[in-house]
Every structure is written in C-alpha cells, then in structure tokens.
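Computed from a predicted structure; not experimentally measured.
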Amino acid sequence: MKRLEYRGYDSAGIATAENGDIKVLKCEGKVADLQKLLDESTVRGTLGIGHTRWATHGVPNDLNAHPHRDMSGKISLIHNGIIENYSILREVLEKEGVTFQSDTDTEVLVQLIGKVYASGSLTFSEAIQSALQDVVGTYGIAAICSDDPETVIGARLGSPLVLGVGEKENFLASDASPIIPHTRNVVYLDDGDLLEMKRDGYQVRRIGDNSPINKVIEQIEFNLEEIEKGGYPHFMLKEIYEQTNTLTDTMRGRLAPDSGMAYLGGIVDFLPRIEKASRIYITACGTSWHAALIGKHLIEEYARIEAHVDYASEFRYREAIIDSETVVIAISQSGETADTLAAIRKAKERGALAMGICNVVGSTISRETDCGIYTHAGPEIGVASTKSFTAQVTVLFMLALHLGRNRGMSPGECSRLAKAMSAMDKQIENVLSQSEHILTIAKETVDADNFLYLGRGLNFPVALEGALKLKEISYIHAEGYPAAEMKHGPIALIDEKMPVVFLAPHDKTFEKVLSNIQEVRARKGRIIAVTDKNTPELAKISSHVIEVPSSHPRTFSIVASVPLQLLAYHLAVLRGCDVDQPRNLAKSVTVE
C-alpha cells in the first residue's frame, strides 16, 4: 500500500479473512496513520485486501475509507473507479431495506453484491458477476467473503489491475510496483476480466458469459531500486536528477546523431499510413498535454502534417473530424488515464489510426492502440511529473525527425537536431549543478502568492508546464502565457510582489521577449530569466538569470524545463509542502 500511495492518500484501510470473519481497520489520512492503528490492533491473517484512496464520492474520513462491507458483514470490497449509476442503485437498495454507512459509490457496489449473494442461489464469484451486470461506470475491484476465506475476487472495467504470480502466493494490485519485491511474473487484466485468485492458483474468466481465458504471463522490467528514493529526500528530486540518464534511455537504439536518423520500431509497420495522414490529433491531459503542444509545433515544422492538440476530456465529447486518414496520438505517463483512453477508443471507432506514447509497459493504452512508442523513463513515483515530461517531449522530437526525414527535411538539419538531442544529458547536468543558485531564487520569492511564466513558440508550453509544477506542489497560484499575450490582460496583475519567469533563448523571438521583459520591469515585476546565454543586456534588466546551455534553439525547450522543476521543488520545500504527495492530487487519474 505504501508503494501505491502515490495513486491516492486521503484515507487508507485493510480487511482480512480470519477465523470465519472479516476484520476491517481503516482511517482518514495516509498509510502511515493506518500503520499506527495496525501496530495497536489484533488484526492478522494471510489473505486480505487493502486500499489507499483518492476521494471521489464522499469526503475523506474514516467512514468513507475503503474497504467497505455489505450489510451482512460477510463481504468486503475495495474499488478504484466510479460507479456512475450509484444513486439509482442506492435508492433501489434502500427501498429493499439496505442501510448505508458511507457516502461512497463503492459501498453501493458491495451492498449490491451482498444483496445478490444473500439470495443463496449463486457462489460468491457468480454474485459479483451478476451484480456487475447492473453497474454503469468504471471499476478495478478486489473483494473477499467470510464464506470463502481462501479466495480473492478481482474484476476490471476501465481501471487497471495486475496479477502477480508467485510461488504458493499470488497478489493483485492496481500497478506492478508493490508486486516486484515478491515476484516479477505478472498478468495484466483486460476490461471485462474477472479473476478468482487463491494462494496456489488463479483463474480468469469473462464477466457475463463466464468463459475461461488463458492469460499470458509477462515479466516486470524495472528493478526494485527504481522505486526507492535512493538517498534523496523526495522522489521528485530523485526523478529530476534522473533526467541526465532517462533522456539517454529514451533515445538509446533509436537516434543516430551522425546520420540524423530516428528509428522507432513500434510504429514502423504503420509508417506509410502515418506519413499519408491528412491530419494528426494529439490528445492528453495535464503535463502530457503540454508535451503535446510541443509535439504539434515539431510535427508541423518538420513533417509538414497538420496537427491539432486536444485535452482528452474535451476531445472525447466534441465532434472532431476523424476518419481513416486521421492519426490520433495519445500521450499518458501511466497509460491508464481514463479520459485519454476514452479518446482513443472514440478515434478507433471512427476509423482513425491510434498511436500511444506512454511510459508503462503493459498499460491499457499500450495494449489498445494500434502502435506506439514507449518513453523508457522508468517508474515515476512523485505525483508531479518531471522526467516523464522531458521523455515525452524527446519522443515527440524523434517522431517529428522520423517523419520529417521521410517528408523532405534536409539531412543536414536532421543531423544538427539529432546531435543537439544527444547532448542534452550533459546540458541537464549543468543545470542541476545550479541547484543552489535556484534555491537562492526560491528563498527570495517564497513570499509570493502569484507567479507568471512567459515564453514564445516551443517555450510557451514550457511556461505552462513550469506554472503547473509550481501550482501542484507549492500551492502558489501561477499562470503560463505566450509572452506577447501578457499585455492583453495579465499585465494588470504585475506589481513589485509578482515574480515573472521568462523563457528567453537567443532565437528569432529574443528581441521580442526582451521587449516583454522591459514591459514587466516598467511595472516593477521581479524578473527571472531562463536563457541560453546571459548577456549584459539581459542581466541588467533581470532580477535573476538562470543560464541553460543549448546547442539548438529547439532542444532548449527540453533543457529549460529542468530549472523550472527545481524552482518549484525548492519553493515547495521552503513552504513546508508535501512534495511527493501534494494535496487533492493523484498520480494516475483513472476516473473522468
């Protein structure tokens, strides 16, 4: 549960089958709070379920914490996802005499299962299958019953479940990270799968027709060390520093700097269709959406294919022009983001080619897309994405290079870009060596209630990402804007209290950005300039300058995101915030 806490940490609880009874212990707060209760309790057992919650229905408190029990007390259940028709089901159950203890949709589900099971005509597994026929929504569930104390039942629809296959022991979790200390053998459940798991075996069936399924056992690729802090005070800081290696891992075996070629085996069979696309949509959420904005610039510039970027939550509901000549690229760190999954399913229904860019091998997006590219950034535990963002952007660079080389991009420009990309790891090392300088900037701006981030071209999405990082972990209000748009409204907010972060590389927009800096300076704003060359002119009008080495105007956008990550991190620490588990957030958003 501690390894899964990045998925939610509002409350936590466990249930165990002991001596013909179900024992439940749960509380508001984090897993550490539950641990204290467990240390003082007599709850034991070798079969059980546990859950750490990100609240949807019902505030975080002891009653709304999972697991939930049915009215008989025989059945206990944990649940990720949302039961959309819970209110109708609850009303029906209440009319039949069922009383509820919580405000959650999850309790509605377990009470429904309990009602079906109480009829006495179905086994525990059959009762779950029957109840799920009446459910509208998404779920990844695990349930136990005191009448069958050697069995855990799992079921999945829209929320991930992974089975860990051990020796005389088996495990079920919402991702592979808590399983790896025990076994590397895993089975990824698909939507519509129901798992009946015992100590010495398991069986997977289809919900509805109860037909058995033979599932392929796969191997977990990452190591235990990758999901430990490794001496760093926070996962986020560790993952910021890992970017010196993760970008190399993302490009390894794919990028040839001398020839300027990018080899992306995961899409090679579909390359003719991608190159002939009339339009490309890139759909994502949060940080991945910012990466998508950079991808749009690159694909249009180098591949000369029309590209659009949509929030997945909007794309799935609007009437976009989608047909067999359309390519939809879905970007998600986890590969489980609910809105992004829904977007690609819609695209496939309308005949589009669906391509995935994600970090997690075996994730739902990687299985449901027609083709795709893994980022190979390694496990990311900190809720605020850092290395995943730079890896996603790196993949989009390679994709644009791959397409561009086949669509008229000059070999010389291909080679220059590829060589610049291969130099990014050393440039990030240089940025990381400036951490103390960035800490000094954080100390001088920690009193600010608002930040403004400004950039042009590829650096506008970097400004958005910098602002998001600050909001996520320090709870300072921040906005990202195209630099020229500042004077169309946000400039009204600028005074001597507001820090303004400028992305100011010496590219074709530098003189324009310099003028924008002067406009902020005239309003007494505190200017933090991130640039590839600290000139006397820039130093004179800036409160602080962070110099970011860059060998190409395009790759500056990747390297420049790192000091913004460090700035957000240092400000969050100085403000006493929980860096790895910021309030109200979860790492993998598997609900709409």
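- Side-chain atoms of Lys115 do not come within 3.5 Å of backbone N or O of Val98 as any donor-acceptor pair.
- One distance of note links CG of Leu77 with CD1 of Ile153; it measures 11.0 Å at 0.5 Å rounding.
- Between the side chain of Arg199 and the main chain of Lys168, no donor-acceptor pair closer than 3.5 Å is present.
- Of the charged side-chain nitrogens involved, none lies within less than 4.0 Å of a carboxylate oxygen, so that Lys36 and Glu40 do not count as a salt-bridged pair.
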- Message: Under the criterion side-chain hydrogen bond (donor to acceptor under 3.5 Å, both in side chains), I'd like the reasoning laid out for Thr364 against Glu336: C-alpha separation, chi angles, the key distance, then a yes or no.
- Response: CA-CA 6 Å; Thr364 306; Glu336 304 292 349; 2.5 Å; yes
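- Between the side chain of Lys23 and the main chain of Val43, no donor-acceptor pair closer than 3.5 Å is present.
- If you take CG on Leu25 and CD on Gln35, they are separated by 10.5 Å, rounding to the nearest 0.5 Å.
- Atom OH in Tyr188 sits 12.0 Å away from atom NZ in Lys215 (nearest 0.5 Å).
- The shortest side-chain heavy-atom distance between Tyr139 and Asp105 does not fall under the 4.5 Å cut-off.
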- Check the pair Ile274 / Ile267 against side chain to side chain contact (heavy atoms under 4.5 Å, CB included), numbers first and verdict last. CA-CA 9 Å; Ile274 297 169; Ile267 65 169; 4.2 Å; yes
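- The shortest non-hydrogen separation linking Leu172 to Gly154 is CD2-CA, 3.9 Å.
- Judged purely by atom type and a 3.5 angstrom limit, Tyr9 uses its side chain to pair as donor or acceptor with the backbone of Pro582.
- With salt bridges taken as basic N to acidic carboxylate O contacts below 4.0 Å, one links Glu319 and Arg350.
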- Dump the intermediate steps for salt bridge (charged side-chain N to carboxylate O under 4.0 Å, His left out) on Glu472 and Lys469, then the final yes or no. CA-CA 5 Å; Glu472 285 180 314; Lys469 290 286 94 60; 3.3 Å; yes
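- Taking each heavy atom of Val395 and Tyr374 in turn, the nearest pair found is CG2-O, 4.2 Å.
- The backbone N or O of Glu314 lies less than 3.5 Å from no partner atom in the side chain of Asp310, so there is not a single donor-acceptor pair.
- Residue Ser174 comes nearest to Leu4 through the heavy atom pair OG-CD2, 3.6 Å, listed as atom of the first residue, atom of the second, then distance.
- Ionic pairing of Arg345 and Glu349 is not present here: no N-O contact between side-chain nitrogen and carboxylate oxygen is shorter than 4.0 angstrom.
- Of all heavy-atom pairs spanning His182 and Glu169, the tightest one is CB-OE2, 4.4 Å.
- The side-chain contact (heavy atoms from CB on, under 4.5 Å) test with Phe389 is passed by exactly one of Gln243, Glu465, Gln333, Glu380: Glu465.
- A cation-pi arrangement, defined by a distance under 6.0 Å to the six-membered ring centre and an angle within 45 degrees of its axis, is absent between Arg575 and Tyr475.
- The heavy-atom pair separating Arg53 from Thr56 by the smallest distance is NH2-N, 3.8 Å.
- No donor-acceptor pair closer than 3.5 Å links the side chain of Ser388 to the backbone N or O of Ser385.
- Arg367 places a side-chain N or O within donor-acceptor distance of the main-chain N or O of Gly362, the cut-off being under 3.5 Å.
- The structure places NZ of Lys387 at 13.5 Å from OG1 of Thr394, a figure rounded to the nearest 0.5 Å.
- Judged purely by atom type and a 3.5 angstrom limit, Thr250 uses its side chain to pair as donor or acceptor with the backbone of Thr246.
- Note that OG1 of Thr138 is 9.5 Å distant from CG of Asp191, once rounded to the nearest 0.5 Å.
- One finds the OG atom of Ser332 at 9.0 Å from the CD1 atom of Ile344 (value rounded to the nearest 0.5 Å).
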